[in-house]
Enquirer: 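The structure that follows is given in the form of structure tokens.
We name chains A, B, ... by the order of the sequence lines, and we start the count at 1 in each one.
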Amino acid sequence: MDQVYIEDISKYVGQEVTVKGWLYNKRSSGKIRFLLIRDGTSFIQAVLSESDVPNKIFQLYDKLTQESSLIVKGVVRKEERSPGGYELSLKDIKIVQIAEEYPITPKPHGITFLMDHRHLWFRSSRQHSILRVRSEVIKACRNYLDERGYVLIDSPILTPAACEGTTTLFETDYFGEKVFLTQSGQLYLEPAAMALGKVYCFGPTFRAEKSKTRRHLLEFWMVEPEVAYAELDDIMELAEDFVSEIVQQVLRTKSKELQSLGRDLRALEKIKPPFPRISYDEAMEILKNKGIDFSWGGDFGAPEEDTISQCFELPVMIHRYPIQVKAFYMEPDPQRPEVALCVDMIAPEGYGEIIGGGQRTASHDYLLKRIKEENLPQEAFRWYLDIRKYGSVPHSGFGMGIERVVAWLCGLEHLREAIPYPRMLYRIYP
RNA sequence: UCCUCAGUAGCUCAAUUGGCAGAGCAUCCGGCUGUUAACCGGAGGGUUGUAGGUUCAAGUCCUACCUGAGGAGCCA
């Protein structure tokens, strides 16, 4: 294809090239006219001079509307007056389609309007940056785990029962049987870890909570490693190394995008192991010193998490929560059976919990006892109990929410911009 | 489910104590040989979310409902 992408334009100075794209904006001063063209990779300003092109081409400017698709030919020049430093002196314009009046003008819009036009909002440069960072975060997760010998195990989306029993699930019909959209692949990953040692899953998860906040989505993506023979300390080490590598890879490859989002890169450059590790009890001490009254046994809410994370520049790992606020499969601490061998990682700057995980119980009898205590359907978990009957070993894993990481790295106000098509309370369109 | 706030032109917003419905952008017409969310002149564009109520008079006050936003609980 006879086409040059704008991101490569600096290699073609002095040459005539073809660019295929869309009109982002246009400006005119009468005899000299400027087209701001985007092609998905970047933007470039193209110039039409009345003295340089046939009148027929020059007049096409008048017809062009925002987001009209066009193929242009022109000579690449270095030009300081042009945004981006390079400019195209146009020789020819071929209009592919004249766009209808485009709803998203280069002026401010409200969030409702933009969310209703999410399919078009992608075309603005801020969204380009966020979507590229998201793509890189996902690539970094896969790179990290693939390079270390983890096997990708795809967990099912349709599941017969709750993974954790606590969260509200989306229900659907399975030929007359009630089934649910998965809220975690973890239960299905544990058998795979017993088979292959180090495994992970990566997929969408669903929570039917009527959450209406900037840090919740009904559908979000989660990466979940699970490791046989790993104990709590091992998985905490993995979590901090994993997060650090992702942050550093994004910094290496997407610093231009982060800067265009106005992100302070210095804060991200500090994200390297070791991360602070505090116990639930120590976290309570911090809260007490900050004047927040909190009684032992409860789970931390957003205000508590924010207060704790503000004390650290790095993500902070809080471990050993009371057993009653955590899921039924958590291994109790042999030194203190009232706390679980679990860990949550709280991102800095108020971005909330990005990782939740821990050590899963290896004991068949303890697991069965917990299933009964939580009134979970025992029959549905028979396969899960089987894993504790045939060569049971300590094993641990965690889940990391992709959108929360993207929001943190990009410095977004709201999770909805961290996923292409957010699914939120009262919003399923587009 | 609960609490708070908002709904006026295609978009973003204004409208004094209840007193003629306004501006910028977008669109259309005209001008400008280096524009930078260009600029300058002109034009068209309205059942003020819906239904009631108070009043000589309601975008503005009251009631109900609808829609959306922010937060709580819950979580990654």
Side-chain angles (χ1 to χ4, degrees), chain A residues 24-36 43 45-52 58 61-63 65-67 77 79-85 87 89 99-117 120 124-125 163-164 166-169 183-186 204-224 239 243 298-306 325-327 343-347 351-357 398-408 413-416 418-419 424-427 429:
Chain A
Y24 195 70
N25 200 358
K26 65 176 188 178
R27 295 182 276 269
S28 166
S29 180
K31 302 286 183 349
I32 183 161
R33 297 170 168 187
F34 301 92
L35 305 177
L36 194 56
F43 298 79
Q45 177 167 283
V47 192
L48 269 176
S49 303
E50 191 173 35
S51 46
D52 292 354
F58 189 73
Y61 173 93
D62 294 325
K63 287 194 189 171
T65 55
Q66 191 188 350
E67 286 303 319
R77 286 195 344 271
E79 172 58 78
E80 281 188 7
R81 289 172 292 185
S82 171
E87 194 170 72
S89 298
E100 291 180 27
E101 191 177 331
Y102 191 67
I104 304 180
T105 58
K107 291 285 171 188
H109 297 281
I111 192 62
T112 304
F113 181 81
L114 289 170
M115 288 305 300
D116 286 342
H117 295 85
L120 301 176
S124 53
S125 60
C163 292
E164 309 192 359
T166 52
T167 316
T168 322
L169 301 175
Q183 61 164 326
S184 165
Q186 182 212 316
T205 50
F206 307 87
R207 307 274 165 98
E209 294 286 348
K210 293 207 167 177
S211 295
K212 200 169 157 47
T213 79
R214 67 181 72 192
R215 40 166 60 143
H216 288 88
L217 295 169
L218 301 185
E219 179 183 307
F220 65 95
W221 286 68
M222 189 153 67
V223 57
E224 296 174 86
V243 169
D299 202 358
F300 297 136
E304 288 83 19
E305 278 183 4
D306 286 353
V325 300
K326 289 293 170 180
V343 59
D344 284 355
M345 187 189 289
I346 315 295
Y351 283 94
E353 188 181 338
I354 51 174
I355 278 180
F398 62 80
M400 186 181 83
I402 296 301
E403 289 75 18
R404 289 206 181 155
V405 171
V406 172
W408 167 41
E413 290 266 309
H414 200 299
L415 233 44
R416 66 187 156 213
I419 187 167
M424 297 181 297
L425 195 57
Y426 311 128
R427 179 170 288 284
Y429 177 91

Enquirer: With a 4.0 Å cutoff (strictly under), does any side-chain N or O of A:Arg416 reach OP1 or OP2 of B:rG70?
Expert: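 Checking A:Arg416 against B:rG70: at least one side-chain N or O falls below 4.0 Å of OP1 or OP2.
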Enquirer: Please measure how far the C1' atom in B:rC29 lies from the corresponding atom in B:rU12, and state the result in whole Å.
Expert: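 These two C1' atoms come out 25 Å apart once rounded.
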Enquirer: Can you tell me the distance, in whole Å, between the CD1 atom of A:Ile111 and the C1' atom of B:rA6?
Expert: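 After rounding, the reported distance stands at 15 Å.
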Enquirer: Step by step, work out the side chain to side chain contact (heavy atoms under 4.5 Å, CB included) result for A:Asn25 and A:Phe34.
Expert: CA-CA 9 Å; A:Asn25 200 358; A:Phe34 301 92; over 6 Å; no
Enquirer: In Watson-Crick or G-U wobble terms, both distances under 3.5 Å, what is the partner of B:rU1?
Expert: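 Pairing partner, where one exists within any strand: B:rA72.
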Enquirer: In whole Å, measure the gap between the P atoms of B:rG22 and B:rG31 for me.
Expert: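 Per the computed distance, 31 Å lies between those P atoms.
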Enquirer: A:Arg404 versus A:Glu353: any side-chain heavy-atom pair under 4.5 Å?
Expert: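 Of all side-chain heavy-atom pairs linking A:Glu353 with A:Arg404, at least one is under 4.5 Å.
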Enquirer: Counting side-chain heavy atoms from C-beta on, which of B:rG73, B:rC11, B:rU35 comes nearest to A:Phe34?
Expert: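 Nearest listed nucleotide: B:rU35.
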Enquirer: Searching all strands shown, indicate the nucleotide that pairs with B:rG18 (Watson-Crick or G-U wobble; both distances under 3.5 Å).
Expert: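 Base-paired to nothing in any strand shown.
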Enquirer: What integer number of Å spans the P atoms of B:rG30 and B:rA15?
Expert: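 Taking atom P in both B:rG30 and B:rA15, they lie 37 Å apart.
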Enquirer: Using the C1' atoms only, state how far B:rG18 lies from B:rA57, rounded to an integer number of Å.
Expert: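 About 8 Å, rounded to a whole number of Å.
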Enquirer: So A:His109, base contact, sugar-phosphate only, or nothing? Heavy-atom distance under 4.0 Å.
Expert: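 Result for A:His109 = sugar-phosphate.
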Enquirer: Provide the distance between the two C1' atoms, one in B:rG53 and one in B:rG46, to the nearest whole Å.
Expert: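 Each nucleotide's C1' atom is 24 Å from the other's.
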Enquirer: State which of B:rC32, B:rC74, B:rU35 makes the closest approach to the side chain of A:Glu209.
Expert: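 Selected nucleotide (nearest to the side chain): B:rC74.
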Enquirer: Taking 5.5 Å and 30° as the limits, would you call A:Tyr102 and the base of B:rA26 a stacked pair?
Expert: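 According to the criterion (under 5.5 Å, under 30°), no, A:Tyr102 does not stack.
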Enquirer: Within the structure shown, what part of the strands sits under 4.0 Å from A:Phe220 by heavy-atom distance: base, sugar-phosphate, or nothing?
Expert: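 Since a base atom lies under 4.0 Å of A:Phe220, the category is base.
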Enquirer: Is there a donor on the side chain of A:Arg33 or the base of B:rC32 sitting less than 3.5 Å from an acceptor on the other?
Expert: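 No such pair is found, so the answer is no.
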Enquirer: What is the distance, to the nearest angstrom, from the NZ atom on A:Lys210 to the P atom on B:rC75?
Expert: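 A:Lys210 atom NZ is separated from B:rC75 atom P by 18 Å.
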Enquirer: Go ahead and name the base partner of B:rG46; Watson-Crick or wobble counts if both distances stay under 3.5 Å, otherwise write none.
Expert: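 When the pairing criteria are applied, nothing turns out to pair with B:rG46, so the answer is none.
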Enquirer: Between B:rG34, B:rU35, B:rC75, which nucleotide gets closest to the side-chain atoms of A:Arg77?
Expert: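 Nearest nucleotide to the side chain: B:rG34.
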Enquirer: Expressed as a whole number of Å, how far does the P atom of B:rA43 sit from that of B:rG24?
Expert: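 Rounded to whole Å, the distance is 11 Å.
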Enquirer: Starting the side chain at C-beta, find the nucleotide from B:rC25, B:rA69, B:rA76 nearest to A:Thr112.
Expert: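 Output: B:rA69.
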Enquirer: Strictly by Watson-Crick or wobble contacts shorter than 3.5 Å, is anything paired with B:rG24, and which nucleotide is it?
Expert: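 Checking every strand shown, B:rG24 finds its partner in B:rC11, with both distances under 3.5 Å.
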Enquirer: Would you mind reading off the distance between A:Tyr24 atom OH and B:rU35 atom C1', rounded to a whole angstrom?
Expert: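 Rounded to whole Å, this separation is 17 Å.
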Enquirer: Taking only the C1' atom of each, what is the distance from B:rA9 to B:rG44 in whole angstrom?
Expert: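 After rounding to an integer number of Å, I get 11 Å for this pair.
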Enquirer: Within this structure, what is the CG-to-P distance between A:Asn25 and B:rC25, rounded to whole angstrom?
Expert: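 So the two atoms are 13 Å apart, to the nearest Å.
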Enquirer: Distance check needed: B:rC74 P versus A:Lys326 NZ, whole Å only.
Expert: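 To the nearest whole Å, that distance equals 11 Å.
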Enquirer: Using a heavy-atom cut-off of 4.0 Å across all strands, would you classify A:Gln45 as base, sugar-phosphate, or nothing?
Expert: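 Base contact.
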Enquirer: Are the side chains of A:Glu209 and A:His216 in touch, meaning some heavy atoms are under 4.5 Å apart?
Expert: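 In short, these two side chains do not touch, never coming nearer than 4.5 Å.
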Enquirer: Under 3.5 Å, side chain of A:Tyr24 to main-chain N/O of A:Ser124, donor-acceptor pair present?
Expert: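 No, the answer is negative, given that no donor and acceptor are paired below the 3.5 Å cut-off.
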Enquirer: Report which part of the nucleic acid A:His117 touches: base, sugar-phosphate, or nothing (heavy-atom distance under 4.0 Å, all strands).
Expert: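 Here A:His117 touches no strand at all.
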Enquirer: One pair to check against side chain to side chain contact (heavy atoms under 4.5 Å, CB included): A:Phe206 and A:Leu169. What are the steps and the verdict?
Expert: CA-CA 7 Å; A:Phe206 307 87; A:Leu169 301 175; over 6 Å; no
Enquirer: How close or far is atom C1' of B:rC28 from atom CD of A:Glu101, stated in whole angstroms?
Expert: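 The answer, rounded to whole Å, is 10 Å.
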Enquirer: Considering just the side-chain nitrogens and oxygens of A:Lys212, establish if one lies under 4.0 Å of OP1 or OP2 belonging to B:rA69.
Expert: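 It does, given that an N or O in the side chain of A:Lys212 lies less than 4.0 Å from OP1 or OP2 of B:rA69.
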Enquirer: Roughly, in whole Å, what's the span from CZ in A:Arg27 to C1' in B:rC39?
Expert: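 In whole Å, B:rC39 C1' lies 12 Å from A:Arg27 CZ.
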Enquirer: Given that A:Ala302 and A:Met222 both sit by RNA chain B, which one's nearest nucleotide is further toward the 5' end?
Expert: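 The residue mapped nearer the 5' terminus is A:Ala302.
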Enquirer: Which listed nucleotide (B:rU33, B:rA72, B:rG34) is nearest to the side chain of A:Ser51?
Expert: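 Minimum distance to the A:Ser51 side chain belongs to B:rU33.
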Enquirer: Give me the distance, rounded to whole Å, that separates B:rC28 from B:rA72 when you measure between the C1' atoms they each carry.
Expert: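 Their C1' atoms lie roughly 50 Å apart.
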Enquirer: In whole angstrom, give the distance that lies between atom NZ of A:Lys31 and atom C1' of B:rG31.
Expert: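 Checked: the NZ to C1' distance equals 10 Å.
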Enquirer: Could you please name the partner base of B:rU67, counting Watson-Crick and G-U wobble pairs only when both distances are under 3.5 Å?
Expert: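 Per the H-bond distance test, B:rA6.
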Enquirer: Under 4.0 Å between any heavy atoms, over every strand shown, what does A:Thr65 touch: base, sugar-phosphate, or nothing? Just pick one.
Expert: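 Result for A:Thr65 = nothing.
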Enquirer: Quick check: on RNA chain B, is the nucleotide nearest A:Glu353 upstream (toward 5') of the one nearest A:Glu87, or the reverse? Name the residue that is more 5'.
Expert: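 First, find each residue's nearest nucleotide; the 5'-ward one identifies A:Glu87.
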Enquirer: Given that both distances must come in under 3.5 Å, which nucleotide forms a Watson-Crick or G-U wobble pair with B:rC32?
Expert: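 Per the H-bond distance test, none.
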Enquirer: What's the closest nucleotide to the side chain of A:Thr105 if the choices are B:rC25, B:rU35, B:rG73?
Expert: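 Nearest listed nucleotide: B:rC25.
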Enquirer: Between A:Thr213 and A:Arg215 (side chain of the first, backbone of the second, donor and acceptor by atom type, cut-off under 3.5 Å), is there such a pair?
Expert: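 Present.
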Enquirer: Using 30° and 60° as the class limits, which term best fits the ring planes of A:His109 and A:Phe113: parallel, tilted or perpendicular?
Expert: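 Parallel, since the angle between the ring planes stays under 30°.
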Enquirer: Counting side-chain heavy atoms from C-beta on, which of B:rG34, B:rU1, B:rG68 comes nearest to A:Val47?
Expert: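 The answer is B:rG34.
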Enquirer: To the side chain of A:Ser29, which of B:rC32, B:rG70, B:rC75 is closest?
Expert: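 Of the options given, the side chain of A:Ser29 lies nearest B:rC32.
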Enquirer: Using the ring of A:Phe58 (Phe, Tyr or Trp, six-membered ring only), decide whether A:Arg33 places NZ or CZ under 6.0 Å from its centre and within 45 degrees of its axis.
Expert: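 Output yes; distance and angle both within limits.
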Enquirer: Considering every strand and a 4.0 Å limit on heavy-atom distances, what is the contact class for A:Ile104: base, sugar-phosphate, or nothing?
Expert: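 No contact.
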Enquirer: Are A:Val406 and A:Trp221 side-chain neighbours, meaning at least one heavy-atom pair lies under 4.5 Å?
Expert: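 No, every pair of side-chain atoms sits at 4.5 Å or beyond.
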Enquirer: Under 4.0 angstrom, heavy atoms only, what part of the nucleic acid is A:Pro103 near: base, sugar-phosphate, or nothing?
Expert: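 Since no nucleic acid heavy atom lies under 4.0 Å of A:Pro103, the category is nothing.
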